[in-house]
2 protein chains.
Amino acid sequence: MTALQFDSFQAIADPSRREILLMLAGDKKSINSIAEQFDISRPAISKHIKVLHQAGFITFEEKGRERYCILRQEGFDELKEWINFFDNFWKERLGKLEKLLEKNPDIAKKKK
Amino acid sequence: MTALQFDSFQAIADPSRREILLMLAGDKKSINSIAEQFDISRPAISKHIKVLHQAGFITFEEKGRERYCILRQEGFDELKEWINFFDNFWKERLGKLEKLLEKNPDIAKKKK
DNA sequence: CCTTTGTGTAACTTCAAAGTTACATATATG
DNA sequence: CATATATGTAACTTTGAAGTTACACAAAGG
């Protein structure tokens with residue numbers, strides 16, 4: 001249903017877009033109220049919002065002529081899983097090292 | 001000491017670079033052995049490796065004329081913290097909701 | 001109804017990223 | 001030593017991302 005048309009890694013590569021996400025963690029905000037916080041033009045922000053939406057990071061809540069942007073938890077899933085993969089990699093590696101030290105405690109001793 | 005000259009968000013925005021990191025989770029690899037796995041040219045891979053290094057994701061182990069790339073755990077820290085921020089945001093929000101329901105159990109009931 | 005406000009988007013410019021080829025250099029090997 | 005191998009990098013091209021301005025349009029408000 002929510003066909004991702006934009007890579008989430010790509011989406012958060014831009015500092016302005018990361019800033020927008022941070023702003024939305026505070027509260028939902030209209031497009032214009034977001035744009036006010038930036039030096040770049042309103043259409044530029046509009047594009048960033050579009051990207052964030054297409055990447056699944058935000059949803060909209062229409063209110064008259066205003067469009068409020070709301071953070072969307074699932075948007076962060078892909079990244080979280082990616083990080084988790086490497087986290088597990090390190091943990092696993094640490095586990096192996098511990099087992100090794102249990103069996104060969106001598107390794108921990110200085111060579112000389 | 002390790003002056004980051006490249007943004008880590010930017011570094012993982014490129015699919016090839018993410019792929020390289022995945023490859024290195026298996027084992028350390030020489031630049032050429034990495035390049036072999038890709039369709040793009042060796043110099044292109046060389047550049048990607050440089051970026052990953054400057055962003056702190058990998059270190060090198062020189063072995064004669066070969067240069068082995070090794071995953072570096074700290075490189076992932078910035079990202080992990082970023083994700084954690086939003087994770088805490090959701091958890092906190094959930095906590096607030098639970099407290100609210102404790103005090104006003106009626107909210108959970110259907111309106112009609 | 002006219003004007004203001006909030007937003008989307010088309011058309012354009014600029015710039016940097018990602019790729020290429022060509023060349024340089026250092027190490028290994030027969 | 002001559003050659004093959006592993007790598008770095010300069011110079012260049014192409015492409016797309018990010019910004020701009022200008023315009024369109026729907027909703028609100030007097």
Side-chain angles (χ1 to χ4, degrees), chain A residues 3-24 27-72 75 79, chain B residues 2-24 27-72 75:
Chain A
L4 292 198
Q5 306 161 59
F6 211 96
D7 180 64
S8 55
F9 294 92
Q10 189 68 32
I12 61 160
D14 186 280
S16 300
R17 287 198 285 264
R18 290 201 300 277
E19 180 120 14
I20 292 175
L21 292 179
L22 282 179
M23 290 175 58
L24 292 178
D27 205 356
K28 63 181 167 185
K29 287 189 172 51
S30 76
I31 310 249
N32 266 359
S33 73
I34 292 172
E36 279 168 12
Q37 306 290 119
F38 289 86
D39 283 339
I40 58 181
S41 70
R42 204 251 328 144
I45 296 295
S46 211
K47 279 195 200 172
H48 283 313
I49 304 247
K50 195 174 183 179
V51 169
L52 289 173
H53 178 236
Q54 290 178 334
F57 285 104
I58 60 177
T59 49
F60 298 129
E61 190 180 291
E62 317 281 348
K63 199 149 194 171
R65 60 188 165 190
E66 283 176 309
R67 163 173 276 188
Y68 282 86
C69 302
I70 304 173
L71 227 46
R72 189 167 166 273
L79 274 151
Chain B
T2 315
L4 293 196
Q5 305 160 62
F6 211 96
D7 181 63
S8 54
F9 293 92
Q10 188 68 32
I12 61 159
D14 186 281
S16 299
R17 288 199 286 265
R18 290 201 300 277
E19 180 121 15
I20 291 174
L21 292 179
L22 283 179
M23 289 175 58
L24 292 177
D27 205 356
K28 63 183 168 188
K29 287 189 171 51
S30 75
I31 310 248
N32 266 359
S33 72
I34 292 172
E36 280 168 10
Q37 306 291 116
F38 289 85
D39 283 339
I40 57 182
S41 70
R42 205 245 338 139
I45 295 295
S46 211
K47 278 194 201 174
H48 283 313
I49 304 249
K50 195 176 185 180
V51 169
L52 289 173
H53 179 236
Q54 290 178 333
F57 285 104
I58 60 176
T59 50
F60 298 130
E61 193 180 288
E62 316 283 347
K63 199 148 195 174
R65 62 189 164 187
E66 283 175 308
R67 164 174 274 190
Y68 283 85
C69 302
I70 304 173
L71 227 46
R72 189 167 165 272

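Reminder, nothing fancy here: chain letters follow the sequence lines and each chain counts from 1.
- The nearest pair of heavy atoms linking B/Ile34 to B/Cys69 is CD1-SG, 4.1 Å.
- If you measure from atom CD of B/Gln54 to atom P of C/dA17, you get 11 Å, rounded to the nearest angstrom.
- Considering all non-hydrogen atoms of both residues, B/Ala11 and B/Arg17 come closest at O-NE, 2.6 Å.
- A straight line from CD1 of B/Ile20 to C1' of C/dG19 spans 14 Å, rounded to a whole angstrom.
- Across all strands, A/Lys47 comes closer than 4.0 Å to base atoms (heavy-atom distances).
- One can place NZ of B/Lys50 at 13 Å from P of C/dA18, the figure rounded to the nearest angstrom.
- Picking from C/dG19, C/dT5, C/dT29 the nucleotide with the shortest atom distance to the side chain of B/Arg65 gives C/dT29.
- Across the protein-nucleic acid pair, B/Glu66 atom CD and C/dA28 atom P stand 9 Å apart, rounded to whole Å.
- A residue-by-residue look at B/Gly64 and B/Asp14 shows that B/Asp14 has its nearest nucleotide of DNA chain C further toward the 5' end.
- Listed for the A/Arg72 side chain is no donor-acceptor partner under 3.5 Å among the backbone atoms of A/Thr59.
- The shortest distance between the side-chain N/O atoms of B/His48 and the OP1/OP2 oxygens of C/dA17 is not below 4.0 Å.
- Side-chain atoms of B/Arg18 and A/Asp7, non-hydrogen and from C-beta on, do get closer than 4.5 Å to each other.
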Inset, instruction - Please report the C-alpha distance between B/Ser46 and B/Arg42 in whole Å, then the side-chain angles of each, then the deciding distance to 0.1 Å, and finally whether the side-chain contact (heavy atoms from CB on, under 4.5 Å) criterion is met. - result: CA-CA 6 Å; B/Ser46 211; B/Arg42 205 245 338 139; 4.2 Å; yes
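- From the 5' end on, the contacts that DNA chain D makes with chain A at under 4.0 Å to a non-hydrogen atom open and close at D/dA18 to D/dA28.
- Residue A/Arg42 places a side-chain atom within donor-acceptor reach of the base of C/dG8, judged by atom type and a 3.5 Å distance cut-off alone.
- Counting heavy atoms from C-beta on, the side chains of B/Leu21 and B/Ile58 come closer than 4.5 Å.
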Inset, instruction - Please test A/His48 against A/Phe38 for side-chain contact (heavy atoms from CB on, under 4.5 Å), starting from the C-alpha separation and ending with a verdict. - result: CA-CA 12 Å; A/His48 283 313; A/Phe38 289 86; over 6 Å; no
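- In DNA chain D, consecutive stretches of 3 or more Watson-Crick or G-U wobble pairs with both distances under 3.5 Å are given as paired ranges: C:1-30 with D:1-30.
- Among all heavy-atom pairs drawn from A/Ile40 and A/Ser16, the shortest one is CD1-OG, 4.3 Å.
- The CD1 atom of A/Ile49 sits 13 Å away from the P atom of C/dT9 (whole-angstrom rounding).
- Nucleotide C/dT7 holds its C1' atom 13 Å from the OH atom of A/Tyr68, rounded to whole Å.
- Distance CD1 (B/Ile40) to P (C/dA17): 16 Å, rounded to an integer number of Å.
- In this structure, A/Leu79 and A/Phe57 have side chains that are in contact, with non-hydrogen atoms separated by less than 4.5 Å.
- Each of C/dG8, C/dG6, C/dA17 was ranked by its minimum atom distance to the side chain of B/Gln10; first place goes to C/dA17.
- Under 3.5 Å, the side chain of A/Arg67 and the base of C/dT7 form no donor-acceptor pair of N or O atoms.
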